[in-house]
Structure formats: structure tokens, C-alpha cells
2 protein chains.
Amino acid sequence: MSERPIPLLELAITGLLAQQPRSGYDLLKVFSETAMGGFSSSPGAIYPALKRLERSGSVTGDVENRDTLRPRRVYRLTAAGVETLKRQLGRPVTRDDIVRHSDGVMLRFAFAGEVLGPHEATRILEQFAHEIECYLPELKAQLATLTEAEGRYGFFALRHGIDMYSADARWARKVIRELKGRVPPRQAKRQTVEPVRRKRSKRGGRRP
Amino acid sequence: MSERPIPLLELAITGLLAQQPRSGYDLLKVFSETAMGGFSSSPGAIYPALKRLERSGSVTGDVENRDTLRPRRVYRLTAAGVETLKRQLGRPVTRDDIVRHSDGVMLRFAFAGEVLGPHEATRILEQFAHEIECYLPELKAQLATLTEAEGRYGFFALRHGIDMYSADARWARKVIRELKGRVPPRQAKRQTVEPVRRKRSKRGGRRP
DNA sequence: AGCGTCATGTAATGTGTTACATGATTCG
DNA sequence: CGAATCATGTAACACATTACATGACGCT
């Protein structure tokens, strides 16, 4: 039913272009200067990704300053791109997502909040917290089987995993409460074409 | 000076083979059944990686049960492989490591503890904690620039990053204290060839 | 007889990384 | 004038994912 996941870099680019049109270089800067530094941030990754997204019809690039000597290719989401983004954001959060792609969950949360509103963002957090809370007991059981003799450092490393997931769950539950506290406007403001403001929005999400 | 990093999967395999000889299928099982589930755990990744390591001289594979109808190729580290592993474990922990390869740091910590002893493991933790404690204020500064209007969900996601790094640092400091508390034997027991015990060691480290 | 596990691999495809390449503009 | 930044890309390479392929063994 639900679409298969697209590469994280493409999801990140799609989400950032949903906020505002940007050039390849703009995206490069976002990845290298903000907390989204978990991404490649190298031209060899970003420009090909933009080309792929353009071929698949999710984005279009308009050349700005065609007359001047320094043209910029500014990309924006198409209607199809918006649909793709929404389908991606709507994917359920699975065990696999939290074990192997937890950065992607954070991306989806942030973009879902902006594109689909607090209701969907909360759903993602609920599923995220739930999967973790199911997984944690298993990890703790594994911890119990580790004796001092057989892997003291593995023991520490496993405890690290447990600490991380616990912090994840605590964070998610807290944000759920905070989102519930305020008035949920049910649908966030929509972003239309808006002729290219050059402003960097910092955004978070660890090594996403 | 210090060698460039090898792929994480190869590092993981090398470290696991330092504990005991294993077959490709054994490694597969470790990745799929223990908390090291962050790895590919697919034959299409592991067998080629073993072949690469063999070509580069880090491991050798001996066929076991050659006569029977179900042969197993059991790999073990060579002397050169041990040296490579030690050089990899000895690499300093950089900002880039914590932002983009934090799983690798956990691997290196666990293996360094076993292969090089508590002294080196502690050094890794110190560097890990230090880099994080330098990075955290920058993230908090970024958080301060995020207004409610300009990215409420980015705000939450950034706070998630901050929570994670804080938990990382807390964990590291705690383990450092625990390692200091006990008698540091300065060099862990060395593992020699040891004819193939078939025992799974569970080991931790999140999405490593 | 069929299913699950043991056990090994290969092939196609896609994608990230590294390094290179080019040239304009701005600032000191 | 030189260095840093703006701005865009390409090419070679390495690597992971997915899917496929094979076959023995043990159990029911």
C-alpha cells in the first residue's frame, strides 16, 4: 500500500524545497551550516539528487539571472512533488525505521509538522515512541545475558543504546505533551511559490 | 599520519573476527540477532566485504568440513589484520565522527576495550565526550535563533539532537568513571587462534 | 513431502564519496 | 591583486540493497 521509501537525501531536499525554493548551493549551505550536517553536503551528492528529482517530476528548476554572468538554478516543488512528499511523510514508523533509519523519522516529523500539521506530526511521534518502548525491553533482556566476563565493553555499548532509546522516548513523549497543550490549528499554513527569499532557515534533527 | 577510515561494515567484521573466528553466516547472524542490527546483515554486503578483506590481507578463510557436503568457510584475522584494526581503533575522535559517524565511535570503543585495553577505550570516550561538549553550545546557540514563527518543528527536532548529544556525553562520562573505578589491567587478554567455538556474543552499540 | 534453517554466493542497480574542473564576484 | 566565497557541475570508484540462485540437512 504505502510507497517505498525514497533516499533520505531526496526526502530532505524535498522537504526543504517545500519550505521555500532553493538552489543547489543553498541546499549545500543548509547541510553544511545547520544541524542537518548528517547529510552529505557535497555537490557530488546534491546536484545529481536534484537532477533525479527533476527527472521524476518532483521538482522544477528555473534559471534565475539568465542574463547576468552568474546564473542560479532555483528549484521548487511541483504539485506531484508535494504529493510524493506527503506520501513519504505518511508512511508508518516501523521497527526498522528506529533501528536503522532513525534520522529519517526525525526528518519526517519536522516536515510533517509543517506540511501536514500537528496532528500528523503527533502520530509520527506516537508511533516512534511506541516502537521504542516495545524495543527497549528486548535490549534490556539482552543486557541481562551479558556477563562481566563475556564482553564488558559490549555491555557498556549496549547500555549506550538503551540510554539513547530512552532519551528518544522521553523526548517524544514530552513533545507530544507540548503539542497537545497548544491549540492545534489542524492544518499548517501552506507555502506557495513566493518569489525566492534568500533566507536560511536553520533546522534540526540529528545526523538526519 | 593516521590511516583513513575503512567502511564501518569492514570495521565491524574485523572487530568481531578479533574476538573469534567466524563464518560469513555467523556474522550474518550476529548482525541480525543482536543489537548490532544497524548493519546490513544481508549476504550481498557481508560476503563481498569478507572477500575484500581477504584480498587486502586482513583475514584468511579456511574451509572447514571440506570432506562433508556442507563446507563452511571460517575466517580469522591475520597479523596484518590485527595491525589494521589497531590503527583504526587508534584514530582520534573528530567532530565529523560524532556528527556523521557516531555509530563508528561506539564500535571503536567496544573493540578498543577488548583489543587494546581500558586505557585506549577511556581515551576514545574522553575524546568523544569532549567533542560533544564543544558541539553542544553551538547547537544551543542555533536553538536560540529559532523563533516560534520560523520553524516550530525544526525547534523540536533540534532539541532532539541536543537531548541525544547530552545523553551521549552523560553516558560517556559515567563509563569513564566506572572504568576508572576498577583496576585497569592495562592490556586485555589476547585472543589467539582457538579452534572455533560456536558461541554468539551479543554486543551493543546503537545502529552501528 | 514440504518447510525452515544452514550456508554460500552472484548480478543489477542505485547512490554516496572523493576528487577534480571551471569561472565570476567580493572583500581586504 | 590574491583569497575566500558564490555557483555549478562531472567522472571514477566504492559500497549497499535487492533480488535471485543453489543445495544439504533436520524435523514433522
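Naming: A, B, ... by sequence-line order, numbering from 1 per chain. Given the structure is predicted, the values throughout are model-derived calculations rather than measurements.
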What's the [atom1]-[atom2] distance between [X] and [N], to the nearest Å?
X: D103(A); N: dG16(C); atom1: CG; atom2: P; answer: 13 Å
X: Y47(A); N: dT17(C); atom1: OH; atom2: P; answer: 16 Å
X: R72(B); N: dA7(C); atom1: CZ; atom2: P; answer: 5 Å
X: L50(B); N: dT8(C); atom1: CG; atom2: P; answer: 9 Å
X: L27(B); N: dA7(C); atom1: CG; atom2: P; answer: 12 Å
X: R4(A); N: dT15(C); atom1: CZ; atom2: P; answer: 10 Å
X: R55(B); N: dC13(D); atom1: CZ; atom2: P; answer: 14 Å
X: L28(B); N: dT18(D); atom1: CG; atom2: P; answer: 14 Å

Residues in side-chain hydrogen bond (donor to acceptor under 3.5 Å, both in side chains) with [X], at least two apart?
X: S56(A); answer: none
X: E178(A); answer: R159(B)
X: R170(B); answer: none

Short N/O separations, protein against nucleotides 15-17 of chain D, under 3.5 angstrom:
unit_1  : atom_1 : unit_2  : atom_2 : d
dC15(D) : OP2    : R52(B)  : NE     : 3.3
dA16(D) : OP2    : R52(B)  : NH2    : 3.4
dT17(D) : OP1    : R100(A) : NH2    : 3.0

Closer than 4.0 Å, any side-chain N/O of K51(B) to the OP1 or OP2 of dG9(C)?
no

Does K29(B) make a side-chain N or O approach to OP1 or OP2 of dA7(C) shorter than 4.0 Å?
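Checking dA7(C) against K29(B), no side-chain N or O comes under 4.0 Å of OP1 or OP2.
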
For E120(A), what residues pass the salt bridge (Lys or Arg N to Asp or Glu O under 4.0 Å) criterion, not counting sequence neighbours?
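E120(A) satisfies salt bridge (Lys or Arg N to Asp or Glu O under 4.0 Å) with R123(A) once adjacent residues are dropped.
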
Is a side-chain donor or acceptor of T14(B) paired with a backbone partner of L85(B) at a separation under 3.5 angstrom?
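No: the side chain of T14(B) does not pair with the backbone of L85(B).
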
Which residues pass the ring pair (Phe, Tyr, Trp, His ring centres under 6.0 Å) test with Y135(B), not counting sequence neighbours?
Y165(B)

Which residue in the set R76(B), R72(B), R73(B) passes salt bridge (charged side-chain N to carboxylate O under 4.0 Å, His left out) when paired with E64(B)?
R72(B)

The side chain of Y25(A) lies closest to which of these nucleotides: dG9(D), dG9(C), dC6(D)?
dC6(D)

